[in-house]
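Below: one structure, written as structure tokens.
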2 protein chains.
Amino acid sequence: MPPRSQDERPTLEDVAAYAGVSRSTASRALNDDAYVSTRSREKVLGAARELGYSPNQAARSLVTRRTGAVAVVLSEPESKVLDDPYFATVMHGAYRELSATGVQMLLMFVDSREDVPRTIRFLEGGHVDGALVFAPHQGDPLPTALRLLRLPVVYGGRPGSARRGVHAVDFDNRAGARLAVRHLLSTGRRRIATVTGMLDHPAASDRLAGWQDALVEFGLDPTGLSEAGDFTMPSGERAMTALLERAPDLDGVFAASDPMAAGAMRAIRAAGRRIPDDIGIIGFDDQPTLAPAMNPPLTSVHQDPREQIRHMVRTLMALLAGEQVRPDTTVLPVTLEVRDSA
Amino acid sequence: MPPRSQDERPTLEDVAAYAGVSRSTASRALNDDAYVSTRSREKVLGAARELGYSPNQAARSLVTRRTGAVAVVLSEPESKVLDDPYFATVMHGAYRELSATGVQMLLMFVDSREDVPRTIRFLEGGHVDGALVFAPHQGDPLPTALRLLRLPVVYGGRPGSARRGVHAVDFDNRAGARLAVRHLLSTGRRRIATVTGMLDHPAASDRLAGWQDALVEFGLDPTGLSEAGDFTMPSGERAMTALLERAPDLDGVFAASDPMAAGAMRAIRAAGRRIPDDIGIIGFDDQPTLAPAMNPPLTSVHQDPREQIRHMVRTLMALLAGEQVRPDTTVLPVTLEVRDSA
DNA sequence: TCTCGTTCTGGGAGCGCTCCCAGAATTCAG
DNA sequence: CTGAATTCTGGGAGCGCTCCCAGAACGAGA
């Protein structure tokens, strides 16, 4: 064996030679397998430290057929990902949870249909051991495509093209909406409208359903009090303007997202109505940069993305460990964060 | 060679056999090397498509000593990353740019000093070919640690522990601040305060310097009109309250971030002053979810993170291609987005 | 026709690791 | 003290790929 030059990375062979043992023993010591004497183990660990050894991941995964990496896939149009701090939280949380288990995180964005084949090709290319997927839209082709892969996948949120038999971790959007509307009702309001998100989005339709639940259970008629937005601020403003025109007597609004609530507030103000005196308003998501910064601070339904990602990672890890996990959707609770807007 | 079972991934050998050529020829065809006949190339490409072949990245990088992956490192305390849509934009932009050149993106967060050794170990472990690093704090140990690695690195923003000889892409924070203050001056305001970010952050001190520049060049005295915040909303409110107490006659504020501007607005309102009538206010970053959503919509210094990441990726790619790029800091221009707050 | 240069092809080696297996060293019971 | 069980070790094979090199095929010019 030729002596290895200074600036080349040491290999397992080098560590073994330095420790005076064989390659096999060195490997066993470093991966703490059984059947290694304390003496050898210590020599190997010492040698590794001294030489600054770090295993070549490529060589390792070539033989183990494991990459030690997991993909986090965000299937959302660009604007959504950019504007929504929820995704930043998710990414950060995923990183924390994954790196705690020694797994690397690969980020992938799927902006449009054209990105799907590339993404599939990558995922089936054996670059990752599993995937955490956020693909909330009804028509999203990704979940269908993923079905055909033999790759462990856990979804964040109910996947739009939801078939049975997938692992998913969702928030209780419906209960959250009920919570918001009941709070408005409890302050004496009776004409409560809603601005919905895109209804091909399960979270949006769940929130709409929750709003309706609460009104109906109180004996109120929801007809004509719902207007569609697309989760963005301008859409909230537009929808609210329409609602105010249609039902000038309304005294409460539940917006299915915080930015839409912000838009709605502008419309309300433009119509010369006061918040919360004339109209109470509640958002959803409790975005930490937005909701408390608004004027007045926005009452909003709070969810914990960190908790969601923790569940997702735990499930994926169990799957990777070969455990037989029953495919199911875990539903996480949400709470109401009361501020000044209602 | 035993026949490969249905559910195993095809290898290059399989593709070659299917196409009736050798492994070498198949490899050349797929990597479009020179010296492959059109006939063979077509047969190989057809076989690959038919078998659903995708190369084993581990095997490839074992021999090429290239991983085809780049790390994006965010060295910021958790809260900052969570709250700042800037980072979401950066991540998304980085993904776009990198995947366009066929490079995978690995995300890493460095929340605290304890994360540094783990990060270094990973980066020197040969998992990635290079790194894009955002490490803005003065005392951040990461840049120093990275110096010792033979790994191509490009910084986003002037690295805090800035030594000469690194590649970096920064925004013109100082000019941006001047722009903001000059705008306030142009509307007749003369008592213009500033709420700064953490001053161990180069961007914060540059913005402070720009504010001072503009006042001094106009013959005004900046003394006593600056108060430190930490880029967050509560800190903006606190700083503004202090400023109003100290200088009740002030008629303009330049906040070094949008959330601080939001906080400052609350303080101004709490003091019974009107925006922009009594006091004009300008932020920095032009956060798309925040600035236009505020009441009144916030005038803010606009920067384009996408442009920054594009530059960074381009530089890193040149470095990886072995080009001799002179280490230097590229400074990108910023503009003023005028809305209603000033 | 034969040569020579060019284009193209296939086999072998080897990247750094893990896993298997045979055999050496050690322990322990009888 | 012997023979088995147990613990430990080292060498070989091979993961799937790229790269090198020798040689085959194919022209064009003598």
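Chain letters run A, B, ... following the sequence lines, proteins first and then strands; every chain starts at 1.
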ask   = At under 4.0 Å between heavy atoms, what does Ser61(B) touch on the DNA or RNA strands: base, sugar-phosphate, or nothing?
value = nothing
Testing dC17(D), dG11(C), dC8(D) for proximity to the side chain of Ser37(A), the answer is dC8(D)
With the side chain defined as heavy atoms from C-beta on, Val63(B) is closest, among dG11(D), dC17(D), dG10(C), to dC17(D)
So, OP1 or OP2 of dC15(D): does either fall under 4.0 Å of a side-chain N or O from Asn56(B)? no
Among the nucleotides dG10(C), dC17(C), dC8(C), whichever has the atom closest to the side chain of Tyr35(B) is dC8(C)
Which of Met105(B), His167(B), Met312(B) passes side chain to side chain contact (heavy atoms under 4.5 Å, CB included) with Leu132(B)? Answer is Met312(B)
Does any donor atom in the side chain of Thr11(B) or Glu13(B) lie under 3.5 Å from an acceptor atom in the other side chain?
-> no
From the candidates dG16(C), dG12(C), dG16(D), the one with an atom nearest any side-chain atom of Thr11(A) is dG16(C)
Arg60(B) atom CZ is separated from dC17(C) atom C1', nearest whole Å, by 20 Å
| query | Would you say dG16(C) has OP1 or OP2 under 4.0 Å from some side-chain N or O of Arg65(B)? | reply | yes
Whole-Å distance, Arg23(B) CZ to dC15(D) C1', equals 13 Å
Per atom distances to the Val21(B) side chain, the nearest of dG10(C), dC17(D), dG16(C) is dG10(C)
Practice prompt. Record whether the side chain of Arg28(A) comes under 3.5 Å of the base of dG10(D) through a donor-acceptor pair of N or O atoms.
Written response: yes
Apply the test side chain to side chain donor-acceptor pair (under 3.5 Å) to residues Asp170(B) and Thr329(B): give CA-CA distance (whole Å), side-chain angles for both, the deciding distance (0.1 Å), then the verdict. CA-CA 7 Å; Asp170(B) 199 6; Thr329(B) 297; over 6 Å; no
Taken to the nearest whole Å, CG/Asp32(A) to P/dC19(C) is 13 Å
